[in-house]
Colleague: 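Submitted below is the structure of interest, expressed as structure tokens.
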Amino acid sequence: MKYIECDVSELLDKVDKIVFSDFIRAAACRIGQVLNVHDIALDVGVSDETAKRWLSVLERSDIIFYLRPYSNNLLKRTIKAPKLYFFDTGLVAYLTRYSAPEILANGALNGAILENYVVSEIRKSYHNIAKDCLIWYYRDKDSREIDMVTESDGELHPLEIKRSVNPPAGLTNAFAVLDKGSVPRGKGALICMRPELSAIDSDNFIVPVWMI
């Protein structure tokens with residue numbers, strides 16, 4: 001079967017450029033959220049199938065990527081949908097019309113944009129050293145959530161990302177849900193705006209964003 005690759009420039013020759021620009025902006029406004037194709041399609045007035053096709057083009061063009069949910073046979077209440085991110089956080093800021101850093105810092109998407117930055121930079125670091133990118137997120141039907149879960153040397157490492165200098169230590173409580181799985185839990189971390197590396201306890205670090 002012959003497969004014909006379609007990149008963004010080819011797509012723009014076939015569709016209304018304004019509608020497609022609105023579509024990318026609608027996607028950028030949902031970074032760090034569980035993917036809901038119907039909501040994005042509804043925002044710009046296209047069909048769900050069209051939205052799926054356009055998202056596929058953005059993914060193949062390395063503009064967006066997905067973080068899949070972590071699950072195993074012992075964690076049966078996890079949700080199945082991925083979360084949406086952009087490789088270029090600066091592009092997200094442009095698309096969401098933040099014209100200056102101080103405006104972005106006080107904007108409604110400041111936490112989501114920080115999360116996008118951290119997730120994308122960690123993913124890039126794996127790619128840059130040609131290693132498998134074993135990164136997921138965790139969320140279950142009881143609303144327990146972990147922003148990122150990485151696997152290294154046979155252990156799971158839970159990570160929370162917060163735009164705060166002093167995030168509450170209780171954020172690590174959700175990490176214990178991984179103990180119910182079949183892979184042992186290793187060290188975890190809160191990634192935040194604190195200027196120096198520190199620790200909550202012997203099992204969980206506080207990591208400054210600038211170290212990512």
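Numbering of residues begins at 1 and proceeds along the displayed sequence.
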Colleague: Decide if atom CG of D132 counts as having more than 12 heavy atoms of other residues, nucleotides or ligands within a radius under 6.0 Å.
Modeller: no

Colleague: For H38, give me all partners under side chain to side chain donor-acceptor pair (under 3.5 Å), at least two apart in sequence or on another chain.
Modeller: D48

Colleague: Show your working on side-chain contact (heavy atoms from CB on, under 4.5 Å) between F175 and N204 and close with a plain yes or no.
Modeller: CA-CA 10 Å; F175 294 175; N204 298 291; 3.3 Å; yes

Colleague: When you measure from the side chain of R144 to the backbone N and O of A174, does any donor-acceptor pair fall under 3.5 Å?
Modeller: no

Colleague: How long is the gap from OH on Y70 to OH on Y138, to the nearest 0.5 Å?
Modeller: 10.0 Å

Colleague: I'd like to check the side chain to side chain donor-acceptor pair (under 3.5 Å) partners of D179; sequence neighbours left out, ordered by chain and number.
Modeller: R185

Colleague: What's the separation between atom CD1 in I191 and atom CD in E160, rounded to the nearest 0.5 Å?
Modeller: 9.5 Å

Colleague: Is a side-chain donor or acceptor of D140 paired with a backbone partner of S143 at a separation under 3.5 angstrom?
Modeller: yes

Colleague: For S56 and R60, which I'm curious about, is there any donor-acceptor pair between the side chains at under 3.5 Å?
Modeller: yes

Colleague: Keeping to residues at least two apart or across chains, list the side chain to side chain donor-acceptor pair (under 3.5 Å) pairs with something in residues 87-99.
Modeller: T89-N116

Colleague: If only side-chain N and O atoms count, and only distance matters, is there a donor-acceptor pair under 3.5 Å linking E115 with Y85?
Modeller: yes

Colleague: Under a 4.5 Å side-chain heavy-atom rule over Ile, Leu, Val, Met, Phe, Trp and Tyr, are L190 and V177 clustered together?
Modeller: no

Colleague: Do you reckon L197 sits in the same ILVMFWY cluster as L159, going by side-chain contacts under 4.5 Å, direct or chained?
Modeller: yes

Colleague: Donor-acceptor pair, T50 side chain versus V46 backbone, under 3.5 Å?
Modeller: no

Colleague: Atom OH in Y137, atom CE in M148: separation rounded to 0.5 Å?
Modeller: 13.0 Å

Colleague: Going by ring pair (Phe, Tyr, Trp, His ring centres under 6.0 Å), name the residues that satisfy it together with F86, two or more places apart in sequence or in a different chain.
Modeller: none

Colleague: Do R139 and P69 come close enough that some side-chain heavy atom pair is under 4.5 Å?
Modeller: no

Colleague: Restricting to non-hydrogen atoms, name the atom on S47 and the atom on A41 that form the minimum distance, rounded to 0.1 Å.
Modeller: O-CB, 3.7 Å

Colleague: Kindly write out the residues that satisfy salt bridge (Lys or Arg N to Asp or Glu O under 4.0 Å) with D203, not counting sequence neighbours, or none if the list is empty.
Modeller: K187

Colleague: Tell me whether L171 shares a hydrophobic cluster with L178, the cluster being built from Ile, Leu, Val, Met, Phe, Trp, Tyr side chains joined at under 4.5 Å.
Modeller: no

Colleague: Report all side-chain donor-acceptor pairs from residues 162-169 shorter than 3.5 Å, counting only partners two or more places apart or in another chain.
Modeller:
from : atom 1 : to   : atom 2 : distance (Å)
R163 : NH2    : A105 : O      : 3.1
S164 : OG     : N166 : N      : 3.1
N166 : OD1    : R194 : NH2    : 3.0

Colleague: Please round to the nearest 0.5 Å and tell me the distance separating atom CG of L84 and atom OH of Y66.
Modeller: 6.0 Å

Colleague: How far apart are the C-alpha atoms of I135 and V149, what are their side-chain angles, what is the distance that settles it, and do they pass the side-chain contact (heavy atoms from CB on, under 4.5 Å) test?
Modeller: CA-CA 6 Å; I135 301 177; V149 178; over 6 Å; no

Colleague: Within the side chain of S125, is there an N or O that forms a donor-acceptor pair under 3.5 Å with the backbone of I122?
Modeller: yes

Colleague: Roughly how far apart are D62 CG and H127 NE2, rounded to 0.5 Å?
Modeller: 8.5 Å

Colleague: Taking the ring centre of each residue, are F65 and F87 less than 6.0 Å apart?
Modeller: yes

Colleague: Sorted by first residue and then second, give each side chain to side chain donor-acceptor pair (under 3.5 Å) pair with at least one member in residues 102-114; sequence neighbours left out.
Modeller: none

Colleague: Please table the atom pairs, donor to acceptor, closer than 3.5 Å between any side-chain atom in residues 205-212 and protein atoms at least two apart or in another chain.
Modeller:
from : atom 1 : to   : atom 2 : distance (Å)
W210 : NE1    : P195 : O      : 2.8

Colleague: From R68 CZ over to W136 CH2, what is the distance, rounded to the nearest 0.5 angstrom?
Modeller: 13.0 Å

Colleague: Listed by chain and number, what are the side chain to side chain donor-acceptor pair (under 3.5 Å) partners of T150, not counting sequence neighbours?
Modeller: none

Colleague: Shared ILVMFWY cluster between I161 and L67, side chains joined below 4.5 angstrom?
Modeller: yes

Colleague: List in chain and number order the residues that pass salt bridge (Lys or Arg N to Asp or Glu O under 4.0 Å) with E155, two or more places apart in sequence or in another chain; answer none if no residue qualifies.
Modeller: none

Colleague: For E49, which residues count as a salt bridge (Lys or Arg N to Asp or Glu O under 4.0 Å) partner, sequence neighbours excluded?
Modeller: K52

Colleague: Hey, any chance I113 and I24 share a hydrophobic cluster, counting ILVMFWY side chains that come within less than 4.5 Å of each other, even indirectly?
Modeller: yes

Colleague: Kindly list each side-chain donor-acceptor pair under 3.5 angstrom involving residues 27-35, sequence neighbours excluded, with atom names and distances?
Modeller:
from : atom 1 : to  : atom 2 : distance (Å)
R30  : NH1    : A26 : O      : 3.0
R30  : NH1    : D43 : OD2    : 2.9
R30  : NH2    : D43 : OD2    : 2.8

